[in-house]
A.B. asks: 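One structure coming up, written as structure tokens, with questions to follow.
Letters A, B, ... mirror the listed sequences (proteins, then strands); counts begin at 1.
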Amino acid sequence: MSHRPVVTRIAPSPTGYMHIGTARTALFNWLFARHHGGTFLLRIEDTDRERSTSQATAAILRGMTWLGLDWDGEAVSQFDQKDRHAAVAHEMLARGAAYKCFASQDEIEVFREAATAEKRSTLYRSPWRDAAPATHPDARYVIRMKAPQTGDTVIDDAVQGRVTFRNDLLDDMIVLRSDGTPTYMLAVVVDDHDMGVTHVIRGDDHLQNAARQTMVYDAMGWDIPVWAHIPLIFGPDGKKLSKRHGATGVEEYQAMGYPAAGMRNYLTRLGWSHGDDEFFTTDQAKEWFNLEGIGRAPARLDFKKLENLCGQHIAASDDAALLHELEAYLAVTDAPPLNDVQRDTLSRALYCLKDRAKTFPDLIEKAEFSLNARPVIPDDAAAKTLDPVSRSILKTLTPQLQTGTWTKETLEPFLTDAAAAHGIGFGKLAGPLRAALAGRTATPSVYDMMLVLGKDETIARLNDAAT
RNA sequence: GGUCCGUUCGUCUAUCGGUUAGGACAUCAGGUUUUCAACCUGAGAAGAGGGGUUCGACUCCCCUACGGACUGCCA
């Protein structure tokens, strides 16, 4: 119960891509730290040398960066601290809080199989717990925690409440492997302590670990951090999120073209609430975020809602930032970059595009009229509107358009009158105009397209279609 | 099997013993419109089941059911 400045961390293991659940946990930790003006650290849990890869570490860094979750200081490698971990393990040995166990993996394996077969508890009780040092063989050993076997270990969790575990149901976990490397259970505690972590916000798959880790804190006489075990994220069907659901990796979401701000908003709201607030900025999230608002039940991913929120964020973005993020999106998907003309036209078109796009692919699709150079190739539906009559009307338009001023205020009455002059409503004229200008039947407003395209380009496209 | 956690509209959630159980997404029906999107209006839609405690339970307790996590010299 100290008043130390808040320090949180995200501690992903680099054994694959960055899971969306990890991203949300990172987000919560980041939000909490930023809310309190504290520190948010990134630690790569790479003590599993078999499975850790530098590519996975790079993917984590990319994912964090994309989501805008800036961490303080350098990302640290847990493995780099292995000597410190080993020292703590030996310190525990010296304090009588741990012991050397000479049981081989095979031995334990045999025990577990037998226990499982006989439906007995697989809890392993090492015969070396109380063995006199004189009886120790000259062989490889692991260091096991000498866990209390009676009483309870109580976790006061900021999300889950008070959770009690019976000590006689917990075994003496290994803290140092026979090759001298630390296990996760030891390394997290040592690192969190050394890094001054005050609040451990992580998936509730770690809830039981908190009990075991508490024992290490106690053995070393260290302060226990505030625990906050948050529920896991499920797929839309309520099942554990798997490849089958389409997207489990953060980078897949980026590649699908969701804006980072929308992603943050959605992920923050998933399992956390601030009254009825649904759409909010990252600044608001930082201002509002607290542990009390975190729910206790797992939440399902809802892509429709994600899209809706993303659409709102795109609409709320300022044009320059939106263009910048769009180009970044293009880059990660290996799409050809925008040329100068496209960038210029698009930046002028954004105002009439961003209200109607939910994702970047969506935006690009709707922006096509401004991205593609002549000639405009109409799709089938658009081609149908360009019948001889329509084409002849378009033809009469261009000379008159040539002389008018190019503003919405002049264009609007002009086109309305032109339609009327041919005995049709503007709605009838809009179809062929769309086809000529965009080659589509679904486009932004005709006026907006004309404004974005400019007089010369508009007339050229109209002439193309009329002939 | 054991331990632990969870369970409000289809989905995300509000409610912190007293509400016609609210909002959002989605859905459906209207409206507006220059197509699409958007927007506006409206509708349907929920406390897993059973016991308690209480004047009164979605809210507190117990049991059941269902879901999940953990049960590694993985993290």
A.B. asks: Whole angstrom is fine here: how far is it from CZ in A:Arg434 over to C1' in B:U33?
C.D. replies: 10 Å
A.B. asks: Taking the nucleotide of RNA chain B with the nearest heavy atom to each, does A:Ala11 or A:Leu123 sit closer to the 5' end?
C.D. replies: A:Leu123
A.B. asks: Could you give the distance separating B:G49 and B:G67 at their C1' atoms, to the nearest angstrom?
C.D. replies: 15 Å
A.B. asks: Among B:C5, B:A75, B:C36, which nucleotide sits nearest the side chain of A:Ala442?
C.D. replies: B:C36
A.B. asks: On a whole-Å scale, what distance lies between the P atoms belonging to B:U54 and B:A21?
C.D. replies: 25 Å
A.B. asks: Tell me whether the side-chain N or O atoms of A:Asp205 pair up with the base of B:A75 as donor and acceptor below 3.5 Å, since no angle test is needed here.
C.D. replies: no
A.B. asks: For B:U7 and B:A48, measure between their C1' atoms and round to the nearest Å.
C.D. replies: 7 Å
A.B. asks: In Watson-Crick or G-U wobble terms, both distances under 3.5 Å, what is the partner of B:G72?
C.D. replies: none
A.B. asks: With the side chain of A:Lys240 defined as its heavy atoms from C-beta on, choose the nearest nucleotide among B:U35, B:A69, B:C5.
C.D. replies: B:A69
A.B. asks: For A:Pro444, report the nucleic acid contact type (base, sugar-phosphate, nothing); a contact means any heavy atom under 4.0 Å.
C.D. replies: base
A.B. asks: In whole Å, what is the span from the CD atom of A:Gln208 to the C1' atom of B:G72?
C.D. replies: 14 Å
A.B. asks: Please give the nucleotide sitting opposite B:G47 as a Watson-Crick or G-U wobble pair, both distances under 3.5 Å, or none.
C.D. replies: none
A.B. asks: Can a donor-acceptor pair be found between the side chains of A:Tyr99 and A:Asp172 at a distance below 3.5 Å?
C.D. replies: yes
A.B. asks: Look at all strands and tell whether A:Gln105 reaches a base, only sugar-phosphate, or nothing, counting heavy atoms closer than 4.0 Å.
C.D. replies: base
A.B. asks: Hey, does A:Met185 reach any base, or is it just sugar-phosphate, or nothing, if we go heavy atoms under 4.0 Å?
C.D. replies: base
A.B. asks: Answer yes if the side chains of A:Ser126 and A:Arg144 hold a donor-acceptor pair under 3.5 Å, and no otherwise.
C.D. replies: no
A.B. asks: Do the ring centers of A:His193 and A:Tyr217 come within less than 6.0 Å of each other?
C.D. replies: no
A.B. asks: I need the CZ-P distance between A:Phe303 and B:A26, as an integer number of Å.
C.D. replies: 15 Å
A.B. asks: Answer yes if the ring centres of A:Phe40 and A:Trp71 are under 6.0 angstrom apart, and no otherwise.
C.D. replies: no
A.B. asks: With a 4.0 Å cut-off on heavy atoms, is A:Leu207 in touch with a base, just the backbone sugar-phosphate, or nothing at all?
C.D. replies: sugar-phosphate
A.B. asks: Considering every strand shown, what is the Watson-Crick or G-U wobble mate of B:U32 when both distances are under 3.5 Å?
C.D. replies: none
A.B. asks: Look at A:Arg112 and B:G72 and indicate whether a side-chain polar atom (N or O) is within less than 4.0 Å of OP1 or OP2.
C.D. replies: yes
A.B. asks: In whole Å, what separates the C1' atom of B:U11 from that of B:C16?
C.D. replies: 23 Å
A.B. asks: Taking atom C1' in both B:G51 and B:A65, compute the distance separating them and give it to the nearest angstrom.
C.D. replies: 14 Å
A.B. asks: Just the rounded figure in Å: distance from P of B:A21 to CG of A:Asp276.
C.D. replies: 16 Å
A.B. asks: Could you state the NZ-P distance from A:Lys304 to B:U13, rounded to the nearest angstrom?
C.D. replies: 20 Å
A.B. asks: In whole angstrom, give me the gap between the P atoms of B:G52 and B:C58.
C.D. replies: 15 Å
A.B. asks: Between N or O atoms, less than 3.5 Å apart, protein on one side and nucleotides 7-12 of chain B on the other: list the pairs.
C.D. replies:
from: B:C12; atom 1: OP1; to: A:Arg300; atom 2: N; distance (Å): 3.1
from: B:C12; atom 1: O2'; to: A:Arg269; atom 2: O; distance (Å): 3.4
from: B:C12; atom 1: O2; to: A:Lys305; atom 2: NZ; distance (Å): 3.2

A.B. asks: Could you check whether A:Thr15 gets within reach of a base, just the sugar-phosphate, or nothing at all, counting any heavy atom under 4.0 Å?
C.D. replies: nothing
A.B. asks: Counting only heavy atoms not in A:Arg296 (residues, nucleotides, ligands), do more than 12 fall under 6.0 Å from its CZ?
C.D. replies: no
A.B. asks: Let me know, please, whether A:Lys119 or A:Val142 comes out on the 5' side of the other along RNA chain B by nearest nucleotide.
C.D. replies: A:Lys119
A.B. asks: Can you establish whether the number of heavy atoms outside A:Lys408 located under 6.0 Å from its atom NZ is more than 12?
C.D. replies: yes
A.B. asks: Would you classify A:Thr47 as touching base, sugar-phosphate or nothing, given that sugar-phosphate means primed atoms plus P, OP1 and OP2, and contacts are heavy atoms under 4.0 Å?
C.D. replies: sugar-phosphate
A.B. asks: Could you state the CG-P distance from A:Leu170 to B:G2, rounded to the nearest angstrom?
C.D. replies: 17 Å
A.B. asks: Scan side-chain atoms only and decide if A:Thr407 and A:Thr410 contain a donor-acceptor pair under the 3.5 Å cut-off.
C.D. replies: yes
A.B. asks: Taking pairing as Watson-Crick or G-U wobble with both contacts under 3.5 Å, can you name the mate of B:G18, or confirm there isn't one?
C.D. replies: B:C55
A.B. asks: Measure from the side-chain heavy atoms of A:Tyr184 and tell me the nearest of B:G68, B:U3, B:A75.
C.D. replies: B:A75
A.B. asks: Using the P atoms only, state how far B:A29 lies from B:A38, rounded to an integer number of Å.
C.D. replies: 15 Å
A.B. asks: Regarding A:Thr15 and A:Arg51, is there a side-chain donor-to-acceptor distance under 3.5 Å anywhere?
C.D. replies: no
A.B. asks: Separation of A:His206 atom NE2 from B:U3 atom C1', in whole Å?
C.D. replies: 17 Å
A.B. asks: Rounded to whole Å, how long is the line connecting atom CZ of A:Arg162 with atom P of B:C4?
C.D. replies: 15 Å
A.B. asks: Take A:Tyr184 and A:His206, measure what side chain to side chain donor-acceptor pair (under 3.5 Å) needs, and give me the verdict at the end.
C.D. replies: CA-CA 12 Å; A:Tyr184 162 79; A:His206 286 286; 3.2 Å; yes
A.B. asks: Given that both distances must come in under 3.5 Å, which nucleotide forms a Watson-Crick or G-U wobble pair with B:U7?
C.D. replies: B:A65
A.B. asks: How would you label the contact of A:Thr443 with the nucleic acid (heavy atoms, under 4.0 Å): base, sugar-phosphate, or nothing?
C.D. replies: base
A.B. asks: Between B:A37, B:A75, B:G68, which nucleotide has the shortest distance from any of its atoms to the side chain of A:Glu45?
C.D. replies: B:A75
A.B. asks: Is any side-chain N or O of A:Thr183 closer than 4.0 Å to OP1 or OP2 of B:A75?
C.D. replies: no
A.B. asks: Any chance the side chains of A:Asp191 and A:His85 put a donor and an acceptor closer than 3.5 Å?
C.D. replies: yes
A.B. asks: Below 3.5 Å, does any donor atom in the side chain of A:Ser178 face an acceptor in the base of B:C73, or the other way round?
C.D. replies: yes
A.B. asks: Within the 4.0 Å heavy-atom criterion, would you say A:Ala115 contacts the bases, only the backbone, or no part of the nucleic acid?
C.D. replies: nothing
A.B. asks: Counting only side-chain nitrogens and oxygens, does A:Ser273 get under 4.0 Å of the OP1 or OP2 atom of B:A14?
C.D. replies: yes
A.B. asks: With a 4.0 Å cut-off on heavy atoms, is A:Lys358 in touch with a base, just the backbone sugar-phosphate, or nothing at all?
C.D. replies: sugar-phosphate
A.B. asks: So A:Asn209, base contact, sugar-phosphate only, or nothing? Heavy-atom distance under 4.0 Å.
C.D. replies: base
A.B. asks: Give the table of side-chain donor-acceptor pairs shorter than 3.5 Å for residues 152-161 of chain A, with sequence neighbours excluded, one pair per line with atom names and distance.
C.D. replies:
from: A:Thr153; atom 1: OG1; to: A:Asn167; atom 2: ND2; distance (Å): 2.5
from: A:Asp156; atom 1: OD1; to: A:Arg162; atom 2: NE; distance (Å): 2.9
from: A:Asp156; atom 1: OD1; to: A:Arg162; atom 2: NH2; distance (Å): 3.4
from: A:Asp156; atom 1: OD2; to: A:Arg162; atom 2: NH2; distance (Å): 3.1
from: A:Asp157; atom 1: OD1; to: A:Val159; atom 2: N; distance (Å): 2.7
from: A:Asp157; atom 1: OD1; to: A:Gln160; atom 2: N; distance (Å): 2.8
from: A:Asp157; atom 1: OD1; to: A:His229; atom 2: N; distance (Å): 3.2
from: A:Asp157; atom 1: OD2; to: A:His229; atom 2: N; distance (Å): 3.1
from: A:Asp157; atom 1: OD2; to: A:His229; atom 2: ND1; distance (Å): 2.5
from: A:Gln160; atom 1: NE2; to: A:His229; atom 2: O; distance (Å): 2.8

A.B. asks: What integer number of Å spans the C1' atoms of B:C4 and B:U8?
C.D. replies: 23 Å
